[in-house]
Amino acid sequence: MIEIRKAIKSQATEIACLVMMAMTDDCCLYFCGDGYGLDDFRKMMTLLVKREDSQYSYKNTLVALDDDKVVGISISYDGGNLRQLRQAFIETAKEHIGKDHSGMDDETQAGELYLDSLAVLPEYRRRGIAKLLIKATKERADNMGLPCVGLLVDKGNPLGEALYAAVGFQYANDSHWGGHEMKHLTL
C-alpha cells in the first residue's frame, strides 16, 4: 500500500532523482554550465534536498512510499518565499554546475503554495499516486492558509496537463521557465 509522508533527509538521493525526472534531462542540462552534465546536476540537487533553506529541501517534500521505497514526490513551498529559498540554488549552482542563475525569472508569487516538482517512478505510474500527492499538497496549502496550489506545466507535456485538469487545476496564464514555454495552472 502506498503511503504519503513528509520526507526525511536520508531520502535526499531518491528525491533528487525524482526532481530531475520532473524537470526532464533537457531542462537540467539547460541549467548546467559548459562542461557539466547530468551527474553534476544530480550531485547538486542531492545537496539542495539535504539543506533546510532550499526550495528543494526535504522539509518542502512529501514522498509516496511503497514500504520504504520512495516512488513519488511532491515538492511545494509558499510562493512568497521563492527568492529567499532560491538563494541556495543560485549559490550551489555557481559552485557545482558552473552557472550563475541570479537573474532567473520568478515562477511563482505570494498567495499560492507552489508545486515545484511532482514525479512518480515510471513503473508506479497510472496507479493514482500523483493524485494522492496532489491531494496531500492541497491539504498542505489549506493548513498553511494559502488559497491555492499553483504550478507550471510544459506546453509540450499534454499528459501532465491532462492529469492536472483531471484533479481540478485551471489555466491561469502563460509563462516561461527553464528554456520552455509553460502554462501556469492553479487549484
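Computation of the quantities below employed the complete heavy-atom set of this structure, encompassing side-chain atoms and omitting hydrogens, waters and symmetry-equivalent molecules.
Residues K131 and L163 have side chains in contact (heavy-atom distance under 4.5 Å, counting atoms from C-beta outward). Under the 4.5 Å side-chain criterion, counting only non-hydrogen atoms from C-beta, S74 is not in contact with T61. Taking the side chain as every heavy atom from C-beta outward, L65 and I2 never approach each other to under 4.5 Å. Residues Q55 and L82 have side chains in contact (heavy-atom distance under 4.5 Å, counting atoms from C-beta outward). Annotation: side chain of M44 is not in contact with side chain of R42 (no heavy-atom distance under 4.5 Å). No side-chain heavy atom of I73 sits less than 4.5 Å from a side-chain heavy atom of L118. Side-chain contact between I134 and E139 is absent, with no heavy atoms from C-beta onward closer than 4.5 Å. Proximity of I15 to V63: side-chain heavy atoms (C-beta onward) are separated by under 4.5 Å at one or more points.
Shown here for T46 and A16, the closest heavy-atom pair between the two residues is OG1-CB, 3.4 Å. The heavy-atom pair separating S117 from A22 by the smallest distance is CB-CB, 4.2 Å. Of all heavy-atom pairs between G72 and L133, the closest is C-CD1, 3.9 Å. Summarising the geometry of I129 relative to A64, their closest heavy-atom pair is CG2-CB, 3.5 Å, with the distance given to 0.1 Å. Between N60 and S54, the shortest heavy-atom distance links the atoms ND2-O, 3.1 Å. Considering every non-hydrogen atom in both A141 and V149, the closest pair reads CB-CG2, 3.8 Å.
Under the rule for a ring pair (Phe, Tyr, Trp, His ring centres under 6.0 Å), the partners of Y164 that lie at least two apart in sequence or sit in another chain are F169. Annotation: salt bridge (charged side-chain N to carboxylate O under 4.0 Å, His left out) contacts of D67 (sequence neighbours excluded): none. For F41, the ring pair (Phe, Tyr, Trp, His ring centres under 6.0 Å) criterion is met by no residue, not counting sequence neighbours. Residues satisfying the salt bridge (charged side-chain N to carboxylate O under 4.0 Å, His left out) criterion with D40, sequence neighbours excluded, are absent altogether.
Listed by first then second residue, pairs satisfying ring-ring contact (aromatic ring centres under 6.0 Å, His included) with a partner in residues 121-140 number zero, not counting sequence neighbours. Sorted by first and then second residue, the salt bridge (Lys or Arg N to Asp or Glu O under 4.0 Å) pairs with a member in residues 155-164 read K155-D174, E161-K183; sequence neighbours excluded. Residues in residues 4-24 take part in these side chain to side chain donor-acceptor pair (under 3.5 Å) pairs, two or more places apart or across chains: E3-R5. Within the structure, ring-ring contact (aromatic ring centres under 6.0 Å, His included) pairs that include any residue of residues 137-161 do not occur (at least two apart or interchain). Within the structure, the ring-ring contact (aromatic ring centres under 6.0 Å, His included) test picks out the following pairs touching residues 47-83 (sequence neighbours left out): Y77-Y114. Applying the salt bridge (Lys or Arg N to Asp or Glu O under 4.0 Å) rule to pairs touching residues 71-87 yields R83-D106, R86-D106, R86-E107, sequence neighbours excluded. Within the structure, the salt bridge (Lys or Arg N to Asp or Glu O under 4.0 Å) test picks out the following pairs touching residues 108-126 (sequence neighbours left out): K69-E123.
A distance of 6.0 Å separates CE in M20 from CG in D25, rounded to the nearest 0.5 Å. Note that OG1 of T108 and CG of L151 are 9.5 Å apart. Values are rounded to the nearest 0.5 Å. The CG atom of L115 sits 9.0 Å away from the CD1 atom of I75 when rounded to the nearest 0.5 Å.
Taking a cutoff of 4.0 Å between a charged side-chain nitrogen and a carboxylate oxygen, K138 and D142 qualify as a salt bridge.
Formation of a donor-acceptor pair under 3.5 Å by the N81 side chain with backbone atoms of Q84 is not found in this model.
Under the 4.5 Å side-chain heavy-atom criterion for Ile, Leu, Val, Met, Phe, Trp and Tyr, L48 and I8 are members of distinct hydrophobic clusters. Follow the hydrophobic side-chain contacts under 4.5 Å out from V153 and you reach Y171 in the same cluster. Linking ILVMFWY side-chain heavy atoms closer than 4.5 Å, directly or via other members, places V70 and L47 in two distinct hydrophobic clusters.
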Run the side-chain donor-acceptor check on residues 87-98: report pairs under 3.5 Å with partners two or more places apart or on a different chain.
residue, atom, partner, partner atom, Å
T92, OG1, R51, NH1, 3.4
T92, OG1, A88, O, 2.7

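Between S76 and T137, the side chains place no donor N or O within less than 3.5 Å of an acceptor N or O (distance only, hydrogens not considered).
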H184/M182 under side-chain contact (heavy atoms from CB on, under 4.5 Å): CA gap, chis, key distance, verdict | CA-CA 7 Å; H184 178 215; M182 307 290 245; over 6 Å; no

Could you please spell out the steps behind the side-chain contact (heavy atoms from CB on, under 4.5 Å) verdict for D154 and E181?
-> CA-CA 6 Å; D154 194 306; E181 295 293 320; 6.0 Å; no

